[in-house]
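Everything quoted here is computed from the prediction, not taken from an experiment. Counting starts at 1 for both ligands and their atoms, in listed order. Values below: every heavy atom of this structure, side chains too, minus hydrogens, waters and symmetry copies.
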Amino acid sequence: MTTDRNEPRTTARRVLITGTAGFIGFHLAILLLDEGFEVHGYDGMSDYYDVNLKHRRHQTLLQHANFHATEALLEDDEKLWQTAEAFAPDIIVHLAAQAGVRYSLENPRAYIESNVVGTFNVMEAARKLEVEHLLMASTSSVYGANDEMPFSELEKADTQLTIYAATKKANESMAHSYAHLWNLPTTMFRFFTVYGPWGRPDLALYKFVDAILDGRPIDIYNHGDMYRDFTYVTDLVRAIRLLIDTPPVRPASKDEIEEGDSLSPVAPFRVVNIGNSDKVRLLDFVEAIEAELGIKAVRNYMPMQMGDVPATWANAELLQRLTGYRPQTDFRDGIAQFVTWFREYYRK
Ligand SMILES: NC(=O)c1ccc[n+]([C@@H]2O[C@H](COP(=O)([O-])OP(=O)(O)OC[C@H]3O[C@@H](n4cnc5c(N)ncnc54)[C@H](O)[C@@H]3O)[C@@H](O)[C@H]2O)c1
């Protein structure tokens, strides 16, 4: 389905966002539309989780006159190219992906198709259109078995533990080569556990709230000895917005790279963590949910899951240096916002 085409061109900056029916893409589109951007969303409405939620997100966006959408897969390179060429974006933000650490054990092929082939198709479109800036989602999962905390972009990240993480690390390498070869300014975000209203049904906060309200037990892995850097979605998309205006520039020599910058010495390319920079104990997160709902959870303590990591924690200094901004929402406030949305949306 394409809901545009002959719309008159405006002077507004044009951003093609993949994954606008998804959690983060939806929030980013709202922010950019509110700021006067023209946004074209591209999403394949994959059935990894409730497709109704995805349609509702797109319906909400379509109320905005400057939003247009194409429903198609990234793997359909012809459709993707036609869409991108007709829209002629100044900027591409690529968020569509097969996400989820745990599902990558069940269906690894979906990750190769969406994340490796799909991302290559996006890169090809960006190269041919010579966009000002290509920004793409990677993940804190690429830090894999690293145990030097907080995770910094300057450290090696070569120990991915799942195919999900491996495809995202592959995306970083692929993007670096295109940035080098075609002088394509490229930023890769490493997102840390994003949560908030309109969130994904496969992620912990959603599953916990849903189960607690229904009186079902919640599964707590590694017997609760888990830590996550929970990042509120509104903060995350604010950081993306600011990074859009900070395209990397190929340095003339290594000496030009400032200390602490992950800028490549041979390409207009950098990797940037987007995280709250706060290591929260999973059990404190659960207690905050219980406090917000006024209901005690039935806790089902479980061993560590295959491919999972006990902790994530972002060093967000580079983000702050580049944009002057760092995410700061306290997880208790973010949980309250999520619960308000969830109860209203599902009338629970
Ligand atoms: N949410 C998080 O905590 C988190 C953490 C790290 C990285 N990320 C990354 O951020 C990005 C956005 O994640 P999200 O949480 O919004 O996930 P999401 O699943 O809600 O959104 C992804 C969207 O991409 C679409 N999509 C998937 N495969 C596609 C394909 N082959 N072709 C076209 N569309 C396709 C889906 O329909 C979905 O709407 C992803 O790249 C994800 O890997 C998310």
Side-chain angles (χ1 to χ4, degrees), residues 1 16-30 41-58 61 69-77 79-80 83-84 93-104 107 109-122 125 135-143 151 162-172 175 188-206 228-233 235-237 239-240 271-276 309 312 314 327 334 338:
M1 176 191 82
L16 176 70
I17 306 177
T18 68
T20 37
F23 170 41
I24 297 171
F26 167 72
H27 282 277
L28 179 67
I30 290 177
Y42 190 96
D43 197 300
M45 300 285 168
S46 73
D47 61 1
Y48 166 58
Y49 64 76
D50 182 15
V51 176
N52 289 327
L53 181 58
K54 297 186 180 184
H55 284 299
R56 284 282 295 274
R57 295 189 186 116
H58 254 194
L61 292 174
T70 300
E71 274 183 32
L73 289 175
L74 298 167
E75 296 90 314
D76 185 347
D77 58 330
K79 186 75 182 174
L80 179 62
T83 305
V93 185
H94 173 44
L95 301 172
Q98 178 57 58
V101 172
R102 286 164 196 157
Y103 183 63
S104 71
N107 188 3
R109 189 172 300 277
Y111 292 74
I112 302 297
E113 286 164 358
S114 292
N115 302 2
V116 180
V117 177
T119 297
F120 173 69
N121 292 339
V122 173
L135 305 99
M136 308 205 283
S138 184
T139 166
S140 61
S141 297
V142 301
Y143 289 109
F151 293 143
T162 58
I163 274 288
Y164 169 57
T167 59
K168 290 292 185 174
K169 185 67 201 296
N171 288 167
E172 294 182 5
M188 298 288 314
F189 320 116
R190 290 182 181 161
F191 297 153
F192 285 70
T193 318
V194 191
Y195 74 103
W198 294 90
R200 266 167 48 196
D202 61 319
L203 294 182
L205 176 57
Y206 188 115
R228 285 290 178 273
D229 194 340
F230 292 100
T231 310
Y232 191 57
V233 68
D235 292 351
L236 182 106
V237 297
I240 295 177
V271 172
V272 184
N273 286 342
I274 308 184
N276 218 43
V309 295
T312 65
F338 176 83

Are the side chain of N171 and the backbone N or O of S138 linked by a donor-acceptor pair below 3.5 Å?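 Here the side-chain-to-backbone pair does not exist.
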Kindly confirm or rule out a cation-pi arrangement of R190 over Y143, judged by NZ or CZ under 6.0 Å from the six-membered ring centre and within 45° of its axis?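 Cation-pi check for R190 and Y143: passes.
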So is K54 actually on top of F26's ring, under 6.0 Å and inside 45° of the axis?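 Because its charged atom misses either the 6.0 Å distance or the 45° angle limit, K54 does not stack over F26.
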When you look for protein heavy atoms under 4.0 Å from ligand 1, which residues do they belong to?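 Residues near ligand 1: G19, A21, G22, F23, I24, D43, G44, M45, S46, Y49, K54, A72, L73, L74, E75, L95, A96, A97, A99, S114, A137, S138, T139, Y164, K168, F191, T193, V194, R200, L203.
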Report yes if the distance between the aromatic ring centroids of Y195 and F338 is under 6.0 Å, otherwise no.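 Ring-ring flag for Y195/F338: false, centres at least 6.0 Å apart.
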Would you please say whether a donor-acceptor pair under 3.5 Å links the side chains of N107 and Y103?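 There is such a pair (donor and acceptor under 3.5 Å, judged by atom type) between the side chains of N107 and Y103.
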CZ/F151 to CG/N273 distance, rounded to the nearest 0.5 angstrom?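 So the gap between those two atoms works out to 9.5 Å.
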